[in-house]
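Report on one structure; see the data block that follows.
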Protein chains: 2
Amino acid sequence: MPKNDDFDLQVFLPYLLNQAAEESSLAFTQLYKNKYGMLRTEWRVVFHLGAFGKMTATDIVVRAKIHKTKISRAVTKLVEKRFVVRERSQDDRRQEFLTLTPAGEAAYRDLRDVAKRYDADISRKFTDGEVRLLRMMLKRLAGID
Amino acid sequence: MPKNDDFDLQVFLPYLLNQAAEESSLAFTQLYKNKYGMLRTEWRVVFHLGAFGKMTATDIVVRAKIHKTKISRAVTKLVEKRFVVRERSQDDRRQEFLTLTPAGEAAYRDLRDVAKRYDADISRKFTDGEVRLLRMMLKRLAGID
DNA sequence: CCTTGTTAGTTACAAAAAGAACTATTACCA
DNA sequence: TGGTAATAGTTCTTTTTGTAACTAACAAGG
């Protein structure tokens with residue numbers, strides 16, 4: 001591999017972000033994978049419902065920036081698995097509110113604890129100040145303010 | 001959205017990483033998408049060949065941590081589009097060296113400049129020290145050391 | 001040499017995603 | 001009102017992907 005110009009791909013930020021996200025996501029996936037038989041999009045939906053309570057599919061689309069067809073299919077699966085219930089809005093009958101069933105709540109709490117431990121593992125690799133800064137920067141990059 | 005327990009999804013690191021990566025990746029994708037008609041994996045291959053020069057598919061697999069089937073398919077496409085040429089090794093006739101054609105070189109330089117500008121845009125949102133720290137942390141999280 | 005094992009890269013098949021088009025409902029406004 | 005546009009969510013079709021199995025070339029020990 002002879003050449004090497006001044007541009008180092010490995011310090012290109014979007015590249016680094018992707019690699020880091022992929023790595024942590026992969027590692028985390030192993031922890032919950034076969035526990036409730038949920039796919040990534042499914043437990044992301046569960047997370048949102050657990051953390052924020054009753055909300056519509058579109059609310060989740062906006063917050064999580066996941067495509068609506070993915071949400072739609074994930075919700076269908078979650079309803080089949082009895083983790084989520086739909087409730088048609090009376091005001092606007094196009095939308096439906098989603099809530100976790102007791103089984104969904106239990107799964108959420110369980111996954112949340114796994115997430116907390118995982119998060120703590122990452123945090124342990126750095127100082128508190130560094131982690132705080134990382135969160136701040138990622139939030140800004142993600143457009144969460 | 002009534003509820004909100006002590007676990008804030010928005011500070012969960014893998015979540016933040018994903019969101020930030022998705023955001024920057026989406027924004028960047030728009031810039032090169034229709035320019036050369038390359039998919040993400042394809043220009044990642046171009047980037048590697050441009051930055052490091054002649055190398056084999058396996059070299060790219062190792063460096064970029066992209067699955068070899070993806071590389072294989074990307075290379076096929078890039079050869080069809082005349083951005084890359086294959087050259088079978090004389091020493092070991094299983095492997096083939098990949099290099100950019102002049103057209104590939106031109107595309108690389110162009111995309112590299114876009115990437116630089118994009119990277120600079122991100123960097124401008126923070127101090128130099130912060131960006132340095134971010135890169136360091138992301139590298140460690142990504143397992144690049 | 002022959003057998004077994006390893007490596008480079010491709011291909012086949014199944015799972016997942018992205019996009020576009022669709023249904024149903026509501027909103028706007030001339 | 002009536003007609004057009006917008007929104008919530010689903011479904012259909014086409015691309016991408018991920019996994020596993022495959023071909024071809026080399027390597028090493030008996």
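Below, read A as the first sequence line, B as the second, and so on, with proteins coming before strands; counting in each chain starts at 1. All values reported here derive from a predicted model rather than from experimental measurement.
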Look only at the side chain of A:Q19 and the backbone of A:L16, and say whether a donor-acceptor pair between them is shorter than 3.5 Å.
no

Using atom CD of B:Q90 as one end and atom C1' of D:dA25 as the other, report the distance to the nearest whole Å.
13 Å

For A:K77 and D:dG9, give me the distance from atom NZ to atom C1', rounded to whole Å.
17 Å

B:E42 CD to D:dT17 C1', straight-line distance once rounded to whole Å
14 Å

Taken to the nearest 0.5 Å, the spacing of B:R44 CZ from B:K65 NZ works out to 10.0 Å

Hey, where does DNA chain C pair up into stems, meaning at least three consecutive Watson-Crick or G-U pairs with distances under 3.5 Å?
C:1-30 with D:1-30

Taking only Lys NZ, Arg NE, NH1 and NH2, and the carboxylate oxygens of Asp or Glu, determine whether B:D119 and B:R135 approach each other closer than 4.0 Å.
yes

Output the rounded distance in Å from CD (A:E87) to C1' (D:dG9).
16 Å

Please report, rounded to the nearest Å, how far the P atom of C:dA15 is from the CZ atom of A:R40.
19 Å

Scan nucleotides 11-13 of chain D against the protein and return all N/O pairs shorter than 3.5 Å with their distances rounded to 0.1 Å.
residue: D:dC12; atom: N4; partner: A:R73; partner atom: NH1; Å: 3.4

Over all heavy atoms of both residues, which pair between A:F97 and A:S89 is shortest? Give the atoms and the distance, please.
CE1-CB, 3.6 Å

A:V46 versus A:G104, closest heavy-atom pair with distance
CG1-O, 4.2 Å

For B:K70 and C:dG9, what is the distance between atoms NZ and C1' respectively, to the nearest whole Å?
17 Å

Starting at CG of A:L134, measure out to CE of B:M136 and round the result to the nearest 0.5 Å.
9.5 Å

Taking all non-hydrogen atoms of both residues, which atom of B:M55 and which atom of B:H48 are closest, and how far apart?
SD-O, 3.9 Å

Would you kindly give the CZ-to-P distance between B:R93 and C:dT6, to the nearest whole Å?
23 Å

Considering only NZ, NE, NH1 and NH2 on the basic side and carboxylate oxygens on the acidic side, decide whether B:K54 and B:E87 come within less than 4.0 Å.
yes

For B:R86 and A:T41, find the nucleotide of DNA chain C closest to each by heavy atoms; which residue's nucleotide sits nearer the 5' end?
B:R86

Using a cutoff of under 3.5 Å, can you pull out all pairs of nitrogen or oxygen atoms linking the protein to nucleotides 5-8 of chain D, with atom names and distances?
residue: D:dT7; atom: O2; partner: A:R94; partner atom: NH1; Å: 2.6

Flag the pair B:R73 and B:E42 as a salt bridge only when some basic side-chain nitrogen lies within less than 4.0 angstrom of an acidic carboxylate oxygen.
no

Nearest-angstrom distance from the residue atom CD1 of B:I71 to P of D:dT17:
11 Å

Nearest heavy-atom neighbours spanning A:R82 and A:T101:
O-OG1, 2.7 Å

Keeping A:R86 on the side-chain end and A:V79 on the backbone end, is there a donor-acceptor pair under 3.5 Å?
no

Name the nucleic acid region contacted by B:R88, choosing base, sugar-phosphate or nothing; use a 4.0 angstrom heavy-atom cut-off, strictly under.
nothing

